[in-house]
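Single-structure report; data block below.
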Amino acid sequence: MKIKQFSAFLVTYVDFLEEMAKGEREKYSALISYEPKQVDRVVSRQQAMNMRLTQLEEQREKEQAAAGLEGLTFSEILARLEERDQGELPELFRRFGKAVDEIKYFNEKSIAFVKEGMRLMGMPEEGAPVAPYSHNGRQRREGGIPLFETKI
């Protein structure tokens, strides 16, 4: 039955999401520890995981459609299936939701931490930082701290 194939795929997907959540926790820890090498490592890893996430989500949609459940939410899937046919889907859906919530939580904490750091450095909250010097090497008057003239 296609439901079993969908369920087997979800095991892989949920395991990946839980690993991704762990990576988001590590990213946040690296950011607040101010360890640049660790930040670089975890951010690079998360970028690769984001690409894999896109692939897995596309595959989930295909597997779900093949099982005759296209466009349905997880709760709608469970409502449509007989309890005996649900197998491990309720537990997988619970783990899926928990992992996604954890990813969102730590990602939001990381973003807030970085934004606050940028604010403390005098950088604009949104968009690219204002360069303290113009393209011809002259110091800008508006915004930005002259990096090469800052006393340390």
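Just so it is clear, the values below take in all heavy atoms, side chains as well, and ignore hydrogens, waters and symmetry mates.
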Can you see which heavy atom on [X] is nearest to which on [Y], and at what distance?
X	Y	answer
G71	Q64	N-NE2, 4.1 Å
A99	A21	O-CB, 4.0 Å
F16	M49	CZ-O, 3.2 Å
K2	A66	CG-O, 3.5 Å

Taking the side chain as every heavy atom from C-beta outward, state whether [X] and [Y] have any atom pair closer than 4.5 Å.
X	Y	value
L31	V42	no
M118	V114	yes
L10	F93	yes
E26	F106	no
E116	L120	yes
E24	Y28	no

**Message:** For E70, I'd like to know if atom CD has over 12 heavy atoms of other residues, nucleotides or ligands within 6.0 Å.
**Reply:** no
**Request:** Answer yes or no: does atom CZ of F113 have more than 12 heavy-atom neighbours from other residues, nucleotides or ligands under 6.0 Å?
**Result:** yes
**Asked** Can you list the steps and then say if K27 with N107 is a side-chain contact (heavy atoms from CB on, under 4.5 Å)?
**Response** CA-CA 8 Å; K27 181 176 71 177; N107 191 44; 3.2 Å; yes
**Item:** Non-neighbouring partners of E82 that pass salt bridge (Lys or Arg N to Asp or Glu O under 4.0 Å), sequence neighbours left out
**Value:** R84
**Request:** Go through the structure and list residues passing salt bridge (Lys or Arg N to Asp or Glu O under 4.0 Å) with E76, not counting sequence neighbours.
**Result:** none
**Message:** Using the side-chain contact (heavy atoms from CB on, under 4.5 Å) definition, which of the options K62, Q55, E61 pairs with Q59?
**Reply:** K62
Calculate, to the nearest 0.5 Å, the distance between atoms [atom1] and [atom2] belonging to [X] and [Y] respectively.
X	Y	atom1	atom2	answer
F96	L92	CZ	CG	10.0 Å
L69	L78	CG	CG	10.0 Å
L89	E83	CG	CD	12.0 Å

**Asked** Is the backbone of I3 close enough, under 3.5 Å, to the side chain of S7 for a donor and an acceptor to pair up by distance?
**Response** no
**Prompt:** Do M20 and I111 belong to the same hydrophobic cluster, where Ile, Leu, Val, Met, Phe, Trp and Tyr are linked whenever their side-chain heavy atoms lie under 4.5 Å apart, directly or via other members?
**Reply:** no
Check side chain to side chain donor-acceptor pair (under 3.5 Å) between [X] and all other residues, then give those that pass, not counting sequence neighbours.
X	answer
E19	R45
R80	none
E18	R95
E57	Y13, R60

